[in-house]
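I have placed the structure first, in the form of structure tokens, so that the comments after it can refer back to it.
As a basis for the values below, the full set of heavy atoms in this structure was taken, side chains included, without hydrogen atoms, waters or symmetry mates.
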Amino acid sequence: MTDFNDLSSFSYQLLILLTVILSKAVISHFVHHEPLRYFQFYCQKLSNKVNKQHNSPQQQAIAGLVAIVITLSPIAIILWLFEAFVAVDFLWQALLLYLAIGSFGLAKINKTIAQALASKQDYLAKQTLKLWTLRETDPLSSLGLSKTSIEMLLLRTLQQGYTVAAIFIAFGPLSALCYRLVLEMHYCWNTKLAKYNHFGLYSQLIVHILQWLPVRIFSLLLLLSSIGKNFILFWRLSKHHFFKLNNNIVLLQLALNLEIKLGGVAMYNDGDKKEKLRKVSFNNLARQPQITDIIHANKKIKAIIYISILFTIFLAVAIEFIAANI
């Protein structure tokens, strides 16, 4: 460490994380930018080259795995070797984390969608949401747009922010960036589209494995926020999702907390074809989401993030206090 020799490794990583969060929040407030947009373009071109539809499912899956390896390996090795020449470790780690962590403008985008729906500008809401979800937004009603925007905000926040932060704290900036790159591959090669049913299997599997624990932590905090209301009922309804390798538990917990229905049928645009998927529904007996629930979801997700940050800061202070008195 260059300037923070007295800090523990955990506190040092947390300081970098808080610095990047503050920096990205300020920058995102004034301008939206996506540092990895060129990598997204690369993933699309790579899949067009190596994902052959006439190959067998096994060959397509292997091609997807090889695509991940040949993409990630040189990037990880070059960045790892370059780290030895960096004089200011703090700035290097902050730069990698800045690239890895996602946009902080999702809540603002959802607010824009809510305002458009409230003023009956459904077309504006559909076009805004279309940029942030794989789903086909044109046939969605106001209720469908509300539901989709809530799910988009929750999943992207967890995938691009919460999980990235957790991996950074646990394993460092290079691991966080590699995860984010695999996540971008997963977005481009999503198995919900027929042409990527097999090619995208390994990127999906890696993402689900890496985000399993952060998603469960977020879900438990959502569950704890229901203490005094329906804590026992919420736990009984969600406990069978806990060990599954998907995000169902957090979607269910948010649906229960907001007292709305999430999930269900979704339409995806696969070129000239429309893929209609019947996904799991959560909290079926509740009402459909309203426009106001978009704002409520924003506030709930932000509250859990703030609680997580405060708890992490408290943990860092406790570690420093214990270390100083040993």
Side-chain angles (χ1 to χ4, degrees), residues 1-24 27 33-47 49-50 61-104 156 158-189 199-215 217 312 316 319:
M1 303 177 191
T2 54
D3 299 316
F4 308 98
N5 291 316
D6 294 333
L7 292 177
S8 67
S9 176
F10 181 84
S11 299
Y12 182 67
Q13 297 293 92
L14 177 59
L15 181 61
I16 296 173
L17 175 62
L18 294 177
T19 301
V20 172
I21 288 175
L22 180 61
S23 302
K24 194 137 194 175
I27 294 172
H33 69 294
E34 179 50 68
L36 297 180
R37 64 183 182 276
Y38 295 113
F39 184 76
Q40 297 166 358
F41 176 77
Y42 162 81
C43 290
Q44 193 63 56
K45 292 300 180 181
L46 179 63
S47 67
K49 187 73 173 177
V50 301
I62 293 173
L65 178 60
V66 171
I68 296 172
V69 173
I70 63 173
T71 299
L72 276 189
S73 298
I75 294 175
I77 292 172
I78 290 171
L79 292 176
W80 177 68
L81 292 174
F82 188 77
E83 184 179 2
F85 300 96
V86 176
V88 185
D89 179 68
F90 187 96
L91 292 179
W92 175 247
Q93 293 202 40
L95 174 62
L96 293 184
L97 180 59
Y98 187 90
L99 294 174
I101 207 161
S103 172
F104 279 43
R156 281 190 175 262
L158 282 170
Q159 293 169 349
Q160 298 182 4
Y162 206 82
T163 300
V164 170
I167 292 175
F168 171 76
I169 291 291
F171 303 108
L174 185 55
S175 298
L177 181 58
C178 287
Y179 158 77
R180 179 61 195 280
L181 294 179
V182 176
L183 179 64
E184 292 300 327
M185 295 179 202
H186 169 57
Y187 287 160
C188 290
W189 309 334
F199 186 78
L201 280 177
Y202 284 102
S203 58
Q204 175 182 266
L205 177 62
I206 294 170
V207 166
H208 282 172
I209 290 174
L210 293 176
Q211 70 181 13
W212 186 89
L213 183 58
V215 167
I217 293 172
T312 309
I319 292 173

Problem set entry | Verdict with supporting geometry, I70 and V66, side chain to side chain contact (heavy atoms under 4.5 Å, CB included) | CA-CA 6 Å; I70 63 173; V66 171; 4.0 Å; yes

Seminar exercise, completed: Across all chains, not counting sequence neighbours, the side chain to side chain donor-acceptor pair (under 3.5 Å) partners of Y187 are Q159, Q160

Exercise. Between A316 and L14, which heavy-atom pair has the shortest distance, and what is it?
Worked result: CB-CD2, 3.6 Å

Problem set entry | Gap between atom SG of C178 and atom CG of L79 - 0.5 Å precision | 7.5 Å

Exercise. Residues in side chain to side chain donor-acceptor pair (under 3.5 Å) with S47, at least two apart?
Worked result: Y196

Seminar exercise, completed: So side-chain hydrogen bond (donor to acceptor under 3.5 Å, both in side chains) across residues 61-79, not counting sequence neighbours, yields Y42-T71

For this session: Supply the atom-to-atom distance I101 CD1 to S23 OG, rounded to the nearest 0.5 angstrom.
Result: 10.5 Å

For this session: Rounded to the nearest 0.5 Å, what's the gap from CG on L96 to CZ on F82? Could you check?
Result: 10.0 Å

Problem set entry | Partner residues of Y38 under the ring-ring contact (aromatic ring centres under 6.0 Å, His included) criterion, sequence neighbours left out | none

Problem set entry | Where A176 and V164 come nearest, the two heavy atoms and their spacing | CB-O, 3.8 Å

Seminar exercise, completed: Closest heavy-atom pair, A67 versus W189, reported as atoms and distance to 0.1 Å, is CB-CH2, 3.8 Å

Problem set entry | Test side chain to side chain donor-acceptor pair (under 3.5 Å) applied to E184 - qualifying residues, sequence neighbours left out | Q40, R180

Problem set entry | Those residues that, when tested against Y179, pass side chain to side chain donor-acceptor pair (under 3.5 Å) (two or more places apart) | none

Problem set entry | Spacing of CG belonging to L99 relative to CG belonging to L181, to within rounding of 0.5 Å | 9.0 Å

Problem set entry | Sidechain-backbone polar pair: W80 side chain, L174 backbone, donor-acceptor under 3.5 Å | no

For this session: Output yes when a side-chain donor or acceptor of T163 lies under 3.5 Å from a complementary backbone atom of L158, and no otherwise.
Result: yes

Exercise. Does atom CZ of F104 have more than 12 heavy-atom neighbours, drawn from other residues, nucleotides or ligands, at distances under 6.0 Å?
Worked result: yes

Problem set entry | Q13 side chain to F168 backbone, donor-acceptor under 3.5 Å | yes

Seminar exercise, completed: Value for CE (M185) from CD1 (I206), rounded to nearest 0.5 Å, stands at 8.0 Å

For this session: Considering non-hydrogen atoms only, spot the tightest contact between P214 and Y162 and give its length.
Result: O-CE2, 3.4 Å

For this session: Enter the distance from L7:CG to I319:CD1 here, rounded to the nearest 0.5 Å.
Result: 11.0 Å

